[in-house]
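This report refers to the structure that appears directly beneath it.
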Amino acid sequence: MTIGSYASDYNQGQILKGLVEGEIPINLAAATLGPGSAALSVDAALAALWRRQGVGIPGPLLAQIGDSRHANGILAAAPSFGRTMQSAGSWIEFLTHGRVRAPVSYNKAVGGTGTVDLDGQITQVLALSARPTHCAILTGTNAINNAASATGLMSAMQGHFIAAWSRLRAEGIMPITCLDLPRQWSDTTLTAAVKRRLHNQLNVWLRQAATKYGSLLIDPIWKLTDPTKASGECLESLYYSEALKIHPGPAGGYIVGGLYKTLFESMGLPPRYVGLGRGDTYDATDNAQGNLIPDGGTMAQSGGTVSGANPPTGTVPLGWILRNDTGAASLTSCVGSLEARSDGPGNWFKVVATTNGSGPATVLIYNQSVFGLVVGDTIQFGVDLVFDSSSGVNQCAVSVQDRNAGGASVNLAQYAMQFGSSVDIGAFQGTFDGRAITDPLTLGASFAVVRHGISVQLNPSSSVTLRIGAAEMRKVLATV
């Protein structure tokens with residue numbers, strides 16, 4: 001296939017088509033249309049093209065910059081570390097089943113910052129040893145809220161965005177701009193009414209300018225806005241339980257994450273990974289990164305156990321424990337069963353639990369063992385997780401932890417659907433489907449056993465129906 005001149009829109013399209021279909025070598029296309037070339041509509045797209053069978057382009061690797069609405073996805077509350085699902089960007093990796101990677105270490109957003117701070121955050125992104133293919137941007141609200149005057153504010157913010165888009169594009173990173181999310185405003189130096197108008201003006205400009213300057217765009221505004229409010233402010237049920245609603249909670253973050261998922265899928269993602277099957281087991285010599293979970297994590301056999309006061313009933317897969325982790329009186333029922341999967345190997349492990357009005361209850365699905373591991377080993381845990389229905393979930397987390405001889409957590413890598421009480425964080429997302437992959441965990445000097453699993457805390461008079469499958473716990477030989 002002849003490339004010809006890259007000045008032609010037709011030839012640009014042909015080059016991209018050839019890349020996708022494997023007709024043009026990657027190095028030839030990159031040399032022809034690398035950063036700084038005249039083909040501005042193609043250069044970042046080349047860097048953003050991801051996994052295609054046989055082409056060899058790595059999967060989407062996402063960085064995040066902006067303010068607290070991204071930064072709140074970082075969990076740092078020793079011994080816990082990892083991510084929470086109560087931010088605008090933290091659902092992306094989960095909802096794409098890990099096909100879009102968004103490591104916590106690639107989240108360079110900082111609470112309280114504004115558009116002027118984007119350049120410094122991009123400098124941190126560019127210092128990452130593996131460059132991201134994409135960078136999600138969410139900012140603007142603090143610049144508006146903290147402004148001493150409206151004069152010159154809009155032009156300054158616009159300049160900051162244009163500079164950020166241009167710098168990322170020049171480095172071969174595709175920016176994805178999220179419109180500034182709706183919120184509640186209050187009178188300060190500027191009145192709430194003026195701030196609302198500036199907020200809307202910024203979003204109108206972002207809609208028009210993002211694609212012009214080479215950024216992809218997602219628009220969650222209407223889904224997060226209360227249609228009953230003439231002010232156009234946010235729908236409170238989707239936000240933190242804070243006096244002034246600014247930050248999306250788990251339910252609001254789920255909506256934004258869904259739009260990112262749709263965007264990435266529209267550009268083509270590889271098929272879902274659903275595990276290697278029962279034969280994939282750890283062997284120190286011949287399969288050093290094999291699955292440490294029995295049966296290759298497929299839930300193929302029964303033989304697990306139940307525990308706790310008023311213990312659960314039903315069937316539990318081999319190598320797992322289903323536990324009532326609270327007092328006997330709170331949990332009305334908890335039943336486990338195995339269901340055949342139609343989209344992958346093995347079974348789903350299904351759990352249905354209900355609580356009465358006497359108090360909260362915690363359902364724990366886990367296992368713990370030495371697993372042949374030693375101090376200094378680094379491991380990672382991942383699992384498919386489906387919430388078919390739920391009401392009154394207070395907290396929920398997928399985790400892997402090293403525990404000392406006394407049973408205390410020393411280090412706890414969490415993928416927290418909800419970290420903290422729903423009274424503080426806001427309503428939990430009732431149904432969802434994705435894959436949680438924890439941050440890598442290095443076993444400390446006091447390591448005695450490793451525990452991996454899922455914990456769900458229910459409020460009084462609540463219920464949950466969930467399924468887990470394709471569980472993996474592996475040694476990590478090289479991290480992102």
Side-chain angles (χ1 to χ4, degrees), residues 72-87 90-91 94 235-243 245 247-255 257 307-312 321-336 350-366 383 385-401 409 412-434 436 438 451-468:
N72 283 351
I74 302 171
L75 172 59
S80 297
F81 67 95
R83 73 191 76 206
T84 73
M85 308 299 274
Q86 51 225 35
S87 83
S90 54
W91 284 89
F94 179 85
L235 186 61
E236 295 185 21
S237 62
L238 301 176
Y239 279 62
Y240 271 47
S241 298
E242 51 192 350
K245 307 292 185 184
H247 305 93
Y254 173 82
I255 289 172
S307 67
N310 183 24
I321 302 167
L322 179 58
R323 177 177 175 81
N324 175 7
D325 208 36
T326 46
S330 302
L331 195 65
T332 303
S333 68
C334 181
V335 181
K350 182 178 180 180
V351 176
V352 181
T354 59
T355 59
N356 55 43
S358 65
T362 299
V363 175
L364 191 59
I365 307 165
Y366 76 105
V383 64
L385 180 62
V386 179
F387 267 56
D388 296 303
S389 65
S390 66
S391 64
V393 172
N394 191 46
Q395 297 186 45
C396 177
V398 172
S399 65
V400 62
Q401 56 186 292
S409 296
L412 177 57
Q414 290 207 48
Y415 207 114
M417 313 299 150
Q418 179 132 317
F419 188 81
S421 168
S422 58
V423 173
D424 302 316
I425 303 304
F428 184 74
Q429 174 63 29
T431 61
F432 53 84
D433 175 3
T438 70
R451 174 180 286 194
H452 63 80
I454 301 96
S455 174
V456 181
Q457 185 183 89
L458 294 169
N459 286 318
S461 303
S462 302
S463 65
V464 65
T465 300
L466 64 91
R467 288 176 287 159
I468 66 170

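Any value given below was found using the heavy atoms of this structure, including those in side chains, with hydrogens, waters and symmetry copies removed.
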Side-chain donor-acceptor distances from residues 358-366 under 3.5 Å, at least two apart:
residue : atom : partner : partner atom : Å
S358    : OG   : A329    : O            : 3.3
S358    : OG   : N356    : OD1          : 2.5

Would V393 and S462 count as a side-chain contact (heavy atoms from CB on, under 4.5 Å) here? Give the steps.
CA-CA 7 Å; V393 172; S462 302; over 6 Å; no
Please name the pair of heavy atoms, one in [X] and one in [Y], separated by the smallest distance, quoted to 0.1 Å.
X	Y	result
S80	Q414	OG-NE2, 2.9 Å
R83	L75	N-CB, 3.8 Å
T431	S389	CG2-CA, 3.9 Å
L412	S399	CD1-CB, 3.6 Å
H247	E242	N-OE2, 2.9 Å
Y415	S90	OH-O, 3.9 Å

Any donor-acceptor N/O pair, [X] side chain to [Y] backbone, under 3.5 Å:
X	Y	value
D388	R467	no
W91	G252	no
S390	G430	yes

Roughly how far, to the nearest 0.5 Å, is the [atom2] atom of [Y] from the [atom1] atom of [X]?
X	Y	atom1	atom2	result
I454	C396	CD1	SG	8.0 Å
S307	L322	OG	CG	7.5 Å
F387	L466	CZ	CG	5.0 Å
N72	Y240	CG	OH	4.0 Å
N459	N394	CG	CG	4.5 Å
L458	T355	CG	OG1	5.5 Å

For R451, which residues count as a salt bridge (Lys or Arg N to Asp or Glu O under 4.0 Å) partner, sequence neighbours excluded?
none
Determine whether P312 and N324 make a side-chain contact, defined as any pair of heavy atoms from C-beta on separated by less than 4.5 Å.
yes
Do L238 and P248 come within less than 4.5 Å of each other through their side chains, counting heavy atoms only?
no
Mind telling me whether Y254 and F432 have parallel, tilted or perpendicular rings, with 30° and 60° as the class edges?
tilted
